[in-house]
Trainee: 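What follows is a structure written as structure tokens; I'll ask about it next.
A quick note: this is a predicted structure, and the numbers were derived from the prediction, not measured.
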Amino acid sequence: MPYLGGEETVRELRRALSNPNVQSDQLRYRNTILKVIRAMSQGVDMSGLFSEMVKACATVDVVQKKLVYVFLCSYAALNPELSLLVINTLRKDCQDPNPMVRSLALRNMTNLRLPSLVEYVEQPLAAGLRDRAACVRRVAVLGWAKLHNLQASSEIDAAVVNELYSLLRDPDPVVMVNCLRALEEILKDEGGVAINKPITHHLLNRLKECDIWGQCQVLRVLQRYRPQSEDELFDILSLLDASLVSPHPPIMAATLSLFLSLCSGQPAVSLAALERVRGPLLAACGSGSREMRFTALCHIQLLLRSIPGLMGAHYKRFFCGYAEPAYIKQRKMQVLVELVNDENVAMLLDELKGYCTDVNAETAQAAITAIGRIGRSYSDRCLEILTGLLGLKQDHITSAVVQTMRDLVWVCPQCSDTVCFALEGCEETLQDSQGRQALLWLLGVYGERVSSAPYTLEVFIDGVRSEASLGVKMELLTATMRLFLCRPAETQDMLGRLLHYCIEEETDMCVRDQALLYYRLLHCGIEETRKVLQGRRSDPSLGVLIGRPAEPVSQWARSFNTLEPLRQGSIETESVSRGSPEHTMFDPKPNADLSNTLDCSRIEKVHSGKEDFVWMEECVRCPTIPRCSPQSLQAAMQLVNIQTLAFTPPQTLPWRVYLYTHTCLDDAPHSTLILGELLYTGEEPQKAEVHKDDKALKGFLSILTTVLHTLSSERA
Amino acid sequence: MIGGLFIYNHKGEVLISRVYRDDIGRNAVDAFRVNVIHARQQVRSPVTNIARTSFFHVKRSNIWLAAVTKQNVNAAMVFEFLYKMCDVMTAYFGKISEENIKNNFVLIYELLDEILDFGYPQNSETGALKTFITQQGIKGQVSKTKEQSQITSQVTGQIGWRREGIKYRRNELFLDVLESVNLLMSPQGQVLSAHVSGRVVMKSYLSGMPECKFGMNDKIVIDKQGKGGASDDAGKSGKQSIAIDDCTFHQCVRLSKFDSERSISFIPPDGEYELMRYRTTKDIILPFRVIPLVREVGRTKLEVKVVIKSNFKPSLLAQKIEVRIPTPLNTSGVQVICMKGKAKYKASENAIVWKIKRMAGMKESQISAEIELLPTNDKKKWARPPISMNFEVPFAPSGLKVRYLKVFESKLNYSDHDVIKWVRYIGRSGIYETRC
């Protein structure tokens, strides 16, 4: 049936519906109604037929009734007056001896979703709660929830709530679970069902009777329960042990989630529970359906945040199949990166290398990024693979490799020689702006070691007029400036041309401003310029934390078994694969990837664009701080939402810690990024911050000072 | 909870839409179509977020099933529910296809009405649903409402999956062990991953309320029995026992008994159902070995030789063997020589398809092909997709054996001996790939 020409269809169907000949022939009548519903679900507006359909409702034929109800429930909101006519038929059906008809009528009465009809519905609903057929009670219980949803502001009838509480003891498990669901909705403002000891024990005892959906619901509600004694806690845990290893992934996940919330005070118990679900989780990862596999993978990523070694021995389970969809492959690679260790690194890299030539460009890029991540610990092997990939001369691979190399070099400066050597000649294959930006950054920073650097830049500068990407132009400016500092003779001429073009002809303000800034900087003298531009290539005295430290389980326990882990990852995939520092830098996620937040060009801009940033320094006397362990400092900082980026090893001088945090003030439209450095030069620790919001900065300083004082008083 | 369920065809036309909660607007149907079905790039995730609404989708052949919600729900449960929904529909009208959905339009609306209420899953057991659903797959014959007593006894009774008062003249049981072997092998013949996922499917035509007991050569059970019984027996059967990694049962199986004694006892639903699903990863009998040999002769020629070896009892016959050897995109011509079966180069699929009707155990067969390539400037290297294989063998590659299946019915006077039982093993290939 066509989408358009709806009016024609409506007219035709109306004629058929009101035709007495059709009405007398049951089969024809039903078929016409069928056509109406078919058109309705295809998106044609059928609301004009409402009155005809109301008439069709009065019939003994259950099938026809069901069909008409489907129609009525969809359009009742548009015709509240006419819907009143239906109520009578429905109320009559509620008295029918057949329980199926009763439940059908009751359900549809509540599905009409009309506030004006509430008064007529209440009485049959109340009777439905006491019906002898369980299927009617099921419907009635949920009916109250729908009613409440319809007029959320209305007062809650205490008698109904009491009755619902008593129905928790109903012999039918579905009625019981529906009661829980209804009470959760009705009492939402009070925080849901009251979960006390008797109710908890009752629910736990009947858990086995429920179907999968019921069990999930019960387990979820029970998360609010706090056992009164340790004995009780362990009784509950041992009772639930069977469902923890349940072969149904939803039940397993719900039980684990309940375990984590019950044992929030006992980390050892939760860790034991996590160990126990390893088997079922791995099974879910290999399950036949890809969506379930995906969900399981996302949850495994959560677990690995706390117990990195959990899946170490089973790394082969995360190898990708050829026909798997890209989203699963990318997740698996993210997991594989976490699982790498001395024994399996060769095997893993071999596998990842295979994925780099995947047909799907995104998957290939993800594989290359994954190799780069492993390269932080096993740089030689990974660089060998990455350089090999350059030989393929494919633009998307080369681009990903260059970006990965940039990230790697920032963290592991010892790789720079190999990288510089590999860079020769890859500018020909690079097509996309991200890759060229990465190449330019590398050429700028390591220009003195790449012999062909000026020639490469010259090609870029000659083509600058036709360059479309803003990022590339800005990166080009910076790179040329940097190269000028180390190889002035070869670069001077082209720098002049570039600056001239950018200042005189460029239309984009950002590029023009940056060019002007550099131009004025050059006026200040070469030493000034050097001070601004020769930022860090990476800090060799900096022991960057490779691999995240194990997080406490409580960090993610709340989001376990919800949608959150599925979403989180997708943000990460995007940012990792694109590697765009602009996005990750201001990503409010505390666990953002370290390498991406640390991009040199950003930091340098912090120094140059002074109008956007505030810089503060303050001295604090807490001499014991450098002597406390990095872990305790980190834990303390995380309590107040400050993340540590990197440390120097303890007992070295000067001792430094880099910190960052985000502030989100209610009145400010943007969040502010605060970068901080704790510096201890021997006498007294100092700290310095770079940032742009004065008020937030002061707040940050005072928090930091408090933390430091608390820590040092603990030590003393 | 689920706010709404939509079913689309491959073009994105809405076949079925049912909204359960007010928070899902009418435009949600279109939002999913525009953002996911009509999106140019590949699907990025089975969960899509559009304007604070989450869409969970599952694809069956070219039909999209999407569940919509505004709440932060338990993702695993929603997917499990969608699978269940597919199972129920398949049980009613067979394969989920556009044609079938259009024909069983009313039935699906009826099902959606019963399975979910206000977005909460209610009753999802096909057997139990049958009493509430007036339609009967495809033909849409109207069976008048069933006897009332039946409904009440069923909805109030403990056993939701079986009606009372079932009678058959011949009491019969059919038991199928269906397994699919999945393999990923490196070119050097190293097994990278292998697992078997199996299903025990039963068709029961039994009178009354029989109690069944099912036994198989599960390692834990055999070891347990071995300790108690004669040591000789344990030694013999211990070799043949298998280690099951994990298993799922139909809801009729008493899990408490399984946990304590590892015995599988149940009151079976009537008709066809899946009793259990399991997975094994250890000691799998790989029915076939594929040995690939690819040689690049210059830039315009490839030589491929593939040997397959069957690895099971010579008395057994494998059927429907198909080996699919991928070829590069720039293939211009292929010459194939094979000893057995038929081989053909299918340009549309970029593969050489080699079919053998039957092959006995412990045999070997080989194919060699010369592939001519067109010289291209495209520098893209050929990704060398793995060689995949399909087959069917009359045994269970996991080694699972049914040891007994006993039927007890105390009220009616028929005993275990009177029941006719049929057992069949079928092993099929799942994703059976060898890299080359």
Trainee: Tell me, side chain or backbone of B/Ile431 under 4.5 Å from chain A's heavy atoms, or both, or neither?
Mentor: neither
Trainee: Once rounded to the nearest 0.5 Å, what's the spacing between atom CD of B/Gln122 and atom OG of A/Ser103?
Mentor: 10.5 Å
Trainee: Is chain B contacted by the side chain of A/Ile397, its backbone, both, or neither, given a heavy-atom distance below 4.5 Å?
Mentor: neither
Trainee: Does any backbone or side-chain atom of A/Met252 lie under 4.5 Å from a heavy atom of chain B? Answer side chain, backbone, both or neither.
Mentor: neither
Trainee: At a heavy-atom separation under 4.5 Å, does A/Ser74 approach chain B through its side chain, its backbone, both, or neither?
Mentor: both
Trainee: Please state whether the side chain, the backbone, both or neither of A/Ile212 comes within less than 4.5 Å of a heavy atom of chain B.
Mentor: side chain
Trainee: Given side chains that start at C-beta, do those of A/Leu282 and B/Asp246 come closer than 4.5 Å, heavy atoms only?
Mentor: no
Trainee: Among the options A/Cys216, A/Ala326, A/Cys298, A/Ser287, pick out the one with the most heavy-atom pairs lying under 4.5 Å from chain B.
Mentor: A/Cys216
Trainee: For the pair A/Arg107 and B/Asp113, find out whether any cationic side-chain nitrogen is under 4.0 Å from an anionic carboxylate oxygen.
Mentor: yes
Trainee: Set out, in order, the CA-CA distance, both residues' side-chain angles and the distance that settles side-chain contact (heavy atoms from CB on, under 4.5 Å) for A/Met347 and B/Leu192, then state yes or no.
Mentor: CA-CA 10 Å; A/Met347 190 82 179; B/Leu192 293 173; 3.6 Å; yes
Trainee: Give the minimum heavy-atom separation between A/Tyr327 and B/Pro46, together with the two atoms involved.
Mentor: CE1-CD, 3.3 Å
Trainee: Quick check for you: to the nearest 0.5 Å, what is the distance between B/Leu82 atom CG and A/Ser289 atom OG?
Mentor: 10.5 Å
Trainee: Relative to chain B, which segment of A/Cys320 carries a heavy atom at a distance below 4.5 Å: side chain, backbone, both, or neither?
Mentor: backbone
Trainee: For A/Asp170, which atoms come within 4.5 Å of any heavy atom of chain B: side chain, backbone, both, or neither?
Mentor: neither
Trainee: Could you tell me whether the side chain of B/Asn72 and the main chain of A/Leu563 form a donor-acceptor pair under 3.5 Å?
Mentor: yes
Trainee: Among B/Phe249, B/Phe6, B/Tyr20, who wins on heavy-atom pairs under 4.5 Å with chain A?
Mentor: B/Tyr20
Trainee: Between A/Ile328 and chain B, with a heavy-atom cut-off of 4.5 Å, which part of the residue counts as in contact: side chain, backbone, both or neither?
Mentor: neither
Trainee: Less than 4.5 Å to any heavy atom of chain B: does that hold for the side chain of A/Asp358, its backbone, both, or neither?
Mentor: neither
Trainee: Relative to chain B, which segment of A/Asn561 carries a heavy atom at a distance below 4.5 Å: side chain, backbone, both, or neither?
Mentor: both
Trainee: Just do the side-chain contact (heavy atoms from CB on, under 4.5 Å) check on B/Thr281 and A/Arg317 with the steps written out, would you?
Mentor: CA-CA 11 Å; B/Thr281 49; A/Arg317 292 282 191 99; 3.9 Å; yes
Trainee: When rounded to the nearest 0.5 angstrom, what is the spacing between NZ in B/Lys84 and CG in A/Asp211?
Mentor: 9.5 Å
Trainee: Is there a donor-acceptor contact under 3.5 Å from the side chain of B/Arg435 to the main chain of A/Gly354?
Mentor: no
Trainee: Considering only heavy atoms, which portion of B/Asn74 lies under 4.5 Å from any heavy atom of chain A: side chain, backbone, both, or neither?
Mentor: both
Trainee: For the candidates B/Pro386, B/Gly430, B/Ser186, B/Ser54, which exhibits the highest count of non-hydrogen atom pairs separated by less than 4.5 Å from chain A?
Mentor: B/Pro386
Trainee: Indicate yes or no for a side-chain donor-acceptor contact from B/Tyr83 to the backbone of A/Met292 under 3.5 Å, with no hydrogens or angles considered.
Mentor: yes
Trainee: Check each atom of B/Val78 against the heavy atoms of chain A and say whether the ones under 4.5 Å are side chain, backbone, both or neither.
Mentor: neither
Trainee: Working note: B/Arg21 + A/Glu185, criterion salt bridge (Lys or Arg N to Asp or Glu O under 4.0 Å); need CA distance, chi angles, decisive distance, verdict.
Mentor: CA-CA 12 Å; B/Arg21 297 182 73 99; A/Glu185 299 223 359; 2.9 Å; yes
Trainee: Chain A: which of B/Val58, B/Thr69, B/Val47 shares the most heavy-atom pairs with it under 4.5 Å?
Mentor: B/Val58
Trainee: Determine the minimum heavy-atom distance between B/Ala76 and A/Pro250, stating which atoms define it.
Mentor: O-CG, 3.8 Å
Trainee: Name the region of B/Thr248, side chain, backbone, both or neither, that has any atom closer than 4.5 Å to a heavy atom of chain A.
Mentor: both
Trainee: Relative to chain A, which segment of B/Asp117 carries a heavy atom at a distance below 4.5 Å: side chain, backbone, both, or neither?
Mentor: both
Trainee: What distance separates B/Glu80 CD from A/Thr295 OG1, expressed to the nearest 0.5 Å?
Mentor: 10.0 Å
Trainee: At a heavy-atom distance under 4.5 Å, which candidate from B/Pro385, B/Ser17, B/Ser180 has the highest pair count against chain A?
Mentor: B/Pro385
Trainee: Relative to B/Phe118, does A/Arg181 satisfy both conditions: NZ or CZ under 6.0 angstrom from the six-membered ring centre, and within 45 degrees of the ring's axis?
Mentor: no
Trainee: Taking the side chain as every heavy atom from C-beta outward, state whether A/Lys316 and B/Ser193 have any atom pair closer than 4.5 Å.
Mentor: no
Trainee: Mind checking the CZ-CZ spacing from A/Arg290 to B/Phe79? Nearest 0.5 Å is all I need.
Mentor: 12.0 Å
Trainee: For the candidates A/Phe319, A/Tyr69, A/Tyr322, which exhibits the highest count of non-hydrogen atom pairs separated by less than 4.5 Å from chain B?
Mentor: A/Tyr322
Trainee: Can you tell me which of B/Ile16, B/Asn182, B/Asp22 forms the most heavy-atom pairs within a distance under 4.5 Å of chain A?
Mentor: B/Asp22
Trainee: Just so I know, are the side chains of B/Val106 and A/Leu67 near enough to count as touching, which here means a heavy-atom distance under 4.5 Å?
Mentor: yes
Trainee: Taking every heavy-atom pair that is under 4.5 Å apart, which of B/His57, B/Arg277, B/Glu114 has the most such pairs with chain A?
Mentor: B/Glu114
Trainee: Side chain, backbone, both or neither: which part of B/Glu433 has a heavy atom under 4.5 Å from chain A?
Mentor: side chain
Trainee: Which bit of A/Phe294 is near chain B, if near means a heavy-atom gap under 4.5 Å: side chain, backbone, both or neither?
Mentor: side chain
Trainee: Side chain, backbone, both or neither: which part of A/Ala253 has a non-hydrogen atom closer than 4.5 Å to chain B?
Mentor: neither
Trainee: Distance from A/Ile37 atom CD1 to B/Tyr109 atom OH, nearest 0.5 Å?
Mentor: 7.5 Å
Trainee: Name the region of B/Leu15, side chain, backbone, both or neither, that has any atom closer than 4.5 Å to a heavy atom of chain A.
Mentor: backbone
Trainee: Would you please indicate if the ring centroids of A/Trp213 and B/Tyr120 are separated by under 6.0 Å?
Mentor: no
Trainee: Please classify the contact between A/Leu34 and chain B as side chain, backbone, both or neither, with a heavy-atom cut-off of under 4.5 Å.
Mentor: both
Trainee: Which is it for B/Phe56 and A/Glu291 under the side-chain contact (heavy atoms from CB on, under 4.5 Å) test, yes or no, and what are the steps along the way?
Mentor: CA-CA 9 Å; B/Phe56 295 75; A/Glu291 292 81 13; over 6 Å; no
Trainee: Of the backbone (N, CA, C, O) and the side chain (C-beta and beyond), which part of A/Ala284 lies under 4.5 Å from a heavy atom of chain B, both, or neither?
Mentor: neither
